[in-house]
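I am attaching a structure below and will ask some questions about it afterwards.
So that the names make sense, note that chain A is the first sequence line, chain B the second, and so on, each numbered from 1.
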Protein chains: 2
Amino acid sequence: MQNRQPTEKSDPVTITLTDRLFDTLQRAIVEGEIQSGSKISEPELARQHGVSRGSLREAIGRLEARKLVERKPNLGARVVTLSYEQLIEIYQVREALEGMAARLAAQNMSDREIAELQSLLDEHGRQIEEVHGEAYFQKQGDLDYHYRIVQGSKNRHLIGLLCNDLYHLLRMYRFQFGMRSKRSRQAYDEHHYLLNAIAARDPEMAELLMRQHIRSSRRNVEKMLLEN
Amino acid sequence: MQNRQPTEKSDPVTITLTDRLFDTLQRAIVEGEIQSGSKISEPELARQHGVSRGSLREAIGRLEARKLVERKPNLGARVVTLSYEQLIEIYQVREALEGMAARLAAQNMSDREIAELQSLLDEHGRQIEEVHGEAYFQKQGDLDYHYRIVQGSKNRHLIGLLCNDLYHLLRMYRFQFGMRSKRSRQAYDEHHYLLNAIAARDPEMAELLMRQHIRSSRRNVEKMLLEN
DNA sequence: TGAGTAAAATGTGTCGACACTTTTAAAAAG
DNA sequence: CTTTTTAAAAGTGTCGACACATTTTACTCA
């Protein structure tokens, strides 16, 4: 008897046409390929991707749920318009949700997960040394780190909200506002303090540090955008 | 020249078939008319409501976005199954988000809104006197109160998450778990303290009080469900 | 020439039909 | 009678078509 799927009951992971389309469009929107604020023509997009309008419509519906497009009856869908105000709002929501995530992570992350995150962080540290605090870290590393903390909360609602809804919107801003941070060294340190609090199983402190971390991240963004 | 619509640019508020269907189904699910955990047959539901499957499908998609139904490819949609664990998770998310909402409300609510909320609260107080702390308050009054605070945050993301996504799921639990609170007097008092903090424009205190309020509300639910 | 109107073109909302998948029921094998 | 195989039924995913709404274009009249 050979090795098959892991012991889990493997539901046949069917990927529907709408699924693929949704992923494609989401990526295109996040990366600015489809311009922010632009109108979406159903017939045209459907033709471009070789699918029927029905399938496209469902995909657009999901994008709407993630607040990447806005839709008005009979007028059609537009890609959301990015704004400074909205970005601040997102940071406020993140502060609340990720603060709670950190609190719960301090209670619920397994020792193994904490150890893995520790190595990930060490890896980041090395990269910062190398490139002297350059871009890569903030761009992907930061997201990875936050992603793991959120997962560590084990709260599926929280995870869904942050990793499905907000995550992509935030990525969209990072892409299109060119938000490379000049404080990766400081962010790295903050990540360390936070992880220590989690490892010490101190929920109160973990939440506090996460909120501070996101707040300074927000201030950094504010400064950066005002220069512009 | 006669009075017309208020000065706002009145986009023709067209209500699409899918919209109506969505509202109907949402109500039915929240109130338990369509049983929690039950499978949804598209052809049957479509026939019952006299619409095509396409429209129904879009409505189901929106319900899925609000986490009122779960969908698996080729297997169809089911109404979510309510669970104790999930309810706790929702309270944790609420604590984070509404805490932030209260903080922002202390900064952003207008004096007028605060005054109105004050009268609403007085009204509640009278009702509690009358019926000696009976059901009505917790059921609708509590929701109204929280709703206004959230609106007062002026953060559209926060408002969307709480008033669109979470609100109905929470109502579903209240309906189906028969969650009438025996602590309406205490809740009323807590509402008062919180409003005072908001009126004093003290964000820190407002957040603290809101979080405490939701936490005790959660503890109350825990107790109630363990008795059962 | 320009404001207003009519008509064409485009776009969205809704529907019914068909292909393929899953579930149920019936038949066959042990 | 239980288990396996096969066939029917029901259900979901996807499509193309049509009705109505909105936008654009062409035309009329001042």
Side-chain angles (χ1 to χ4, degrees), chain A residues 1 4-5 8-26 28-29 34-35 37-65 67-81, chain B residues 1 5 8-26 28-29 34-65 67-81:
Chain A
M1 175 176 160
R4 299 177 152 265
Q5 281 96 335
E8 308 235 340
K9 178 172 54 181
S10 63
D11 12 22
V13 183
T14 322
I15 291 191
T16 169
L17 227 186
T18 303
D19 289 336
R20 235 196 318 282
L21 194 54
F22 169 67
D23 286 341
T24 305
L25 292 180
Q26 175 167 259
I29 289 177
I34 302 180
Q35 197 160 26
S38 68
K39 184 165 183 316
I40 291 177
S41 163
E42 293 183 3
E44 189 181 330
L45 251 196
R47 194 177 40 70
Q48 280 178 12
H49 293 265
V51 302
S52 84
R53 266 185 61 224
S55 304
L56 175 65
R57 241 146 173 289
E58 283 202 38
I60 293 182
R62 290 198 217 166
L63 292 170
E64 188 186 15
K67 299 180 193 322
L68 293 175
V69 314
E70 287 170 350
R71 206 181 218 173
K72 288 182 183 168
N74 283 319
L75 298 186
R78 314 190 76 92
V79 179
V80 283
T81 303
Chain B
M1 174 177 162
Q5 280 95 334
E8 309 234 342
K9 179 173 53 179
S10 63
D11 13 22
V13 183
T14 321
I15 291 191
T16 170
L17 227 186
T18 304
D19 289 337
R20 234 198 318 282
L21 194 54
F22 169 66
D23 286 341
T24 304
L25 292 180
Q26 176 168 258
I29 289 176
I34 303 179
Q35 196 159 28
S36 136
S38 69
K39 184 167 184 315
I40 291 177
S41 162
E42 292 182 3
E44 189 182 329
L45 251 195
R47 195 177 40 71
Q48 282 178 12
H49 292 265
V51 303
S52 83
R53 266 185 62 224
S55 304
L56 175 65
R57 240 145 174 291
E58 283 201 36
I60 293 182
R62 290 198 217 167
L63 293 170
E64 188 185 16
K67 299 181 194 321
L68 293 174
V69 315
E70 287 169 349
R71 207 181 218 173
K72 287 180 184 169
N74 284 317
L75 297 186
R78 315 190 76 92
V79 179
V80 283
T81 303

Grab the CG-C1' distance between A:Leu21 and D:dT14 for me, whole Å please. 12 Å
Give the residues of residues 37-48 of chain B touching DNA chain C, defined as any heavy atom closer than 4.0 Å, sorted by residue number. none
Okay, side chain of A:Arg78, backbone of A:Glu70: is any donor-acceptor separation there less than 3.5 Å? no
Here the distance between atom C1' of C:dT12 and atom CD of A:Glu64, to the nearest Å, is 14 Å
What's the NE2-P distance between A:His49 and D:dC15, to the nearest Å? 13 Å
A side-chain contact here means heavy atoms from C-beta on lying under 4.5 Å apart; do B:Gln35 and B:Val79 qualify?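 No. Closest side-chain heavy atoms not under 4.5 Å.
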Applying side chain to side chain contact (heavy atoms under 4.5 Å, CB included), name anything that partners B:Thr24, two or more places apart in sequence or on another chain.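 Side chain to side chain contact (heavy atoms under 4.5 Å, CB included) list for B:Thr24, sorted by chain: B:His49.
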Rounding to a whole Å, what distance do you find between B:Glu58:CD and C:dT12:C1'?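 In whole Å, C:dT12 C1' lies 10 Å from B:Glu58 CD.
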Nucleotide C:dG11, atom P - distance to CG of A:Leu75 in whole Å: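 Interatomic distance, CG of A:Leu75 to P of C:dG11: 13 Å.
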Are there any protein N/O atoms within less than 3.5 Å of an N/O atom in nucleotides 16-18 of chain D, and if so, which ones and at what distance?
none

Kindly write out the residues that satisfy side chain to side chain contact (heavy atoms under 4.5 Å, CB included) with A:Glu58, not counting sequence neighbours, or none if the list is empty.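 Side chain to side chain contact (heavy atoms under 4.5 Å, CB included) check on A:Glu58 returns A:Thr18, B:Arg57, B:Arg71.
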Restricting to salt bridge (charged side-chain N to carboxylate O under 4.0 Å, His left out), what partner residues turn up for A:Arg53, sequence neighbours left out?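 In terms of salt bridge (charged side-chain N to carboxylate O under 4.0 Å, His left out), with neighbours along the sequence ignored, A:Arg53 is linked to A:Glu42.
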What is the separation between atom NZ on A:Lys72 and atom P on D:dA21, rounded to the nearest whole Å?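 Result: 19 Å.
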B:Leu25 vs B:Leu56 side-chain heavy atoms within contact, under 4.5 Å: yes
Nearest whole angstrom, please: distance from the P of C:dT12 to the CZ of A:Arg78.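 For the pair A:Arg78 CZ and C:dT12 P, the rounded distance is 11 Å.
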In whole angstroms, the gap separating P of C:dT21 from CG of A:Leu17 amounts to 13 Å
Please report the interatomic distance CG(B:Leu68) to CG(B:Leu63), rounded to the nearest 0.5 Å.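 One finds 6.0 Å between CG of B:Leu68 and CG of B:Leu63.
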Among all residues two or more places apart in sequence or in another chain, which pass the salt bridge (charged side-chain N to carboxylate O under 4.0 Å, His left out) test with B:Asp23?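 Scan of B:Asp23 (salt bridge (charged side-chain N to carboxylate O under 4.0 Å, His left out), adjacent residues dropped) gives none.
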